[in-house]
2 protein chains.
Amino acid sequence: MNRRDRNSDDLELFELLEKLGEITDATGIPELLGRLLDIYGLKTVAYLGSGVTAQPGQSPYLAVTYSNEWVDHYKAQRFVDIDPTVQIGMRRMLPIDWDEFDRADEDVRRLFGEAKEFGLGRRGISLPVHGQHGDRALVSITSDASDRDWRYLRLHYMRDFQMLALHMHQAILRLEGKTVEQARLSPRERECLLWVAEGKTAWETAVILGLSEHTVRCYLESARHKLGAANNTHAVNKAGKASLLSQLP
Amino acid sequence: MNRRDRNSDDLELFELLEKLGEITDATGIPELLGRLLDIYGLKTVAYLGSGVTAQPGQSPYLAVTYSNEWVDHYKAQRFVDIDPTVQIGMRRMLPIDWDEFDRADEDVRRLFGEAKEFGLGRRGISLPVHGQHGDRALVSITSDASDRDWRYLRLHYMRDFQMLALHMHQAILRLEGKTVEQARLSPRERECLLWVAEGKTAWETAVILGLSEHTVRCYLESARHKLGAANNTHAVNKAGKASLLSQLP
DNA sequence: CCTAAATCCGGTGTATCTGCCGGATTTACG
DNA sequence: CGTAAATCCGGCAGATACACCGGATTTAGG
């Protein structure tokens with residue numbers, strides 16, 4: 001990829017973002033990913049989403065430009081258990097360069113070695129994305145660019161990738177119909193649930209808030225009803241994912 | 001701000017990011033924010049963090065270039081309850097332009113009117129940030145640029161702001177010593193906790209996983225111990241914030 | 001003015017959780 | 001070859017949650 005100046009063909013990024021915002025069908029995703037490869041001169045790009053679908057015990061969402069062979073091989077070898085992009089990338093906030101991984105590790109070397117044979121680039125970056133409701137994703141790109149070009153890409157286009165990752169995740173969420181109908185809790189309900197979430201009993205919460213234990217139970221009950229939760233634990237989980245437990249109104 | 005090309009003075013962004021990564025003292029933040037204003041020709045910048053400190057029932061973290069008068073006035077008027085940047089911005093994933101807010105709303109008009117008197121720019125964007133542990137932040141910038149310049153800024157520098165917001169949040173987290181010692185749950189423990197979080201009882205979870213109810217209770221107990229949780233609800237909350245409930249290992 | 005919602009309080013019976021006692025095999029690691 | 005951790009199972013007593021019953025005042029909005 002050649003160096004470009006900011007005003008000329010940023011248009012391609014904007015075009016991608018726009019398409020991501022308008023996409024209505026999952027079948028359009030591969031095309032978009034391919035377009036992304038072209039624009040930035042990448043070898044592969046992969047989206048791995050977790051918690052983007054409605055059901056709880058669900059396999060992760062995958063959208064990649066990898067060959068099917070690599071995906072199958074990856075699954076068969078249970079690479080996810082040792083893949084540092086997943087193990088480390090999913091647990092941090094900022095992007096990570098694959099060079100930072102421990103190449104001394106036998107398994108890791110094998111993984112990246114085989115990955116190369118299956119068509120992944122030598123260099124790679126993974127960008128974590130965090131959604132509002134506990135959903136998260138990892139967008140990984142690879143490239144076979146020269147050291148010089150790679151450094152340039154990393155430096156000047158990281159923000160593009162960051163933005164693309166964010167919008168990609170948003171698009172997937174929209175496609176998966178992950179729309180959370182925000183139940184509105186009253187301040188007291190929220191407050192009670194907040195302390196219960198901290199492990200307090202109804203009695204302890206009552207002491208903390210200066211209420212009767214019974215009143216606390218009532219608030220918890222109505223909070224459960226509003227959230228459609230089976231019990232306090234469920235309610236805390238739902239409210240937490242909907243970020244209703246932040247002290248901000 | 002003048003148009004710049006990508007290779008010349010992106011250096012200023014990189015310098016900012018580097019400083020953010022190295023900052024060790026909260027007193028250095030105002031200077032960094034000031035530098036940010038200079039670089040992008042902005043009027044104000046504000047960081048509002050939620051869940052960045054250890055305690056649960058805590059007031060939000062604030063780092064702004066606003067005048068103290070505006071902050072005091074804002075608090076006194078309880079603007080946070082009607083401020084759409086907070087009410088809406090904190091509940092979404094993608095950045096939002098202040099132009100998108102409902103100017104027909106009496107309260108909103110009053111808020112932005114007074115904001116202007118206190119030195120905020122006419123235009124504004126708020127960028128939500130989501131951390132790994134339920135922590136979140138809102139980085140808001142304002143400007144008095146001309147329509148043309150504002151459009152240009154929004155289009156071409158949104159990604160810079162996005163990145164800055166992310167790194168700013170990361171820096172604050174580091175400063176606040178919000179380091180979560182990741183308890184490691186075994187797959188079974190995680191699985192049991194996952195279904196309990198969905199509102200299932202121990203018995204139901206046992207049926208789902210094909211275990212005895214007692215075994216499920218044992219896993220939950222050890223999960224509670226590992227997480228230092230007082231009960232299942234607390235454990236679900238802690239594990240959720242530490243994103244240990246994603247099905248990925 | 002009326003209605004809805006939020007704020008409060010009490011009791012009861014049953015279901016569930018929690019902690020703590022005991023046991024077992026398999027696997028991985030040094 | 002031990003050791004630790006993960007995977008499983010059973011029982012019991014007391015604490016807690018949960019659902020359902022009843023009541024109240026205050027406040028905001030149509």
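Naming convention: chains lettered A, B, ... in sequence-line order (proteins, then strands); numbering from 1 in each chain.
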Closest listed nucleotide, where the reference is the side chain of E221(A) and the choices are dA19(D), dC18(D), dT7(D): dA19(D)
For atom CH2 of W203(A) and atom C1' of dC17(C), their distance in whole Å: 19 Å
N or O in side chain of T201(B) less than 4.0 angstrom from dA15(C) OP1/OP2: no
Toward the 5' end of DNA chain D, by each residue's nearest nucleotide, V216(B) or R184(B): R184(B)
d(CD, E213(B); P, dC8(D)) in whole Å: 16 Å
Contacts of E191(A) that satisfy salt bridge (charged side-chain N to carboxylate O under 4.0 Å, His left out) - sequence neighbours left out: R188(A)
For atom NE2 of H214(A) and atom C1' of dA17(D), their distance in whole Å: 13 Å
Residue closer to the 5' end of DNA chain C, C218(A) versus K200(B) (nearest nucleotide): C218(A)
Sugar-phosphate only, base, or nothing, as touched by L220(A) at under 4.0 Å among non-hydrogen atoms: nothing
dG19(C) phosphate, OP1 or OP2, under 4.0 Å from R224(B) side-chain N/O: yes
Donor-acceptor pair between T65(B) and T44(B) side chains, under 3.5 angstrom: no
Candidate nucleotides dA6(D), dC17(C), dA6(C), ranked by approach to the side chain of R217(B) - the nearest: dC17(C)
Sugar-phosphate, base or nothing in reach of T215(B), heavy atoms under 4.0 Å: base
Gap between atoms CD and P, on E204(B) and dA15(C) respectively (whole Å): 14 Å
Spacing of H225(B) atom NE2 relative to dT18(C) atom P, expressed in whole Å: 11 Å
Sugar-phosphate only, base, or nothing, as touched by A230(A) at under 4.0 Å among non-hydrogen atoms: sugar-phosphate
Flag side-chain contact, heavy atom, 4.5 Å: R91(B) against Q87(B): yes
Closest nucleotide among dA6(D), dC17(C), dC8(D) to the N232(B) side chain: dC17(C)
Residue-phosphate contact under 4.0 Å: K226(A) side-chain N/O, dA6(C) OP1/OP2: yes
Out of dT18(C), dA17(D), dC17(C), whichever nucleotide has its closest atom nearest the side chain of N231(B): dT18(C)
Phosphate OP1/OP2 of dG10(D): any S212(B) side-chain N/O under 4.0 Å: yes
Reference residue L48(B); test side-chain contact (heavy atoms from CB on, under 4.5 Å); the match among S126(B), P60(B), S140(B): P60(B)
Separation of atom OH in Y219(B) from atom C1' in dA6(D), rounded to whole Å: 7 Å
Aromatic plane relationship, Y74(B) with W70(B) - under 30° parallel, 30 to 60° tilted, over 60° perpendicular: perpendicular
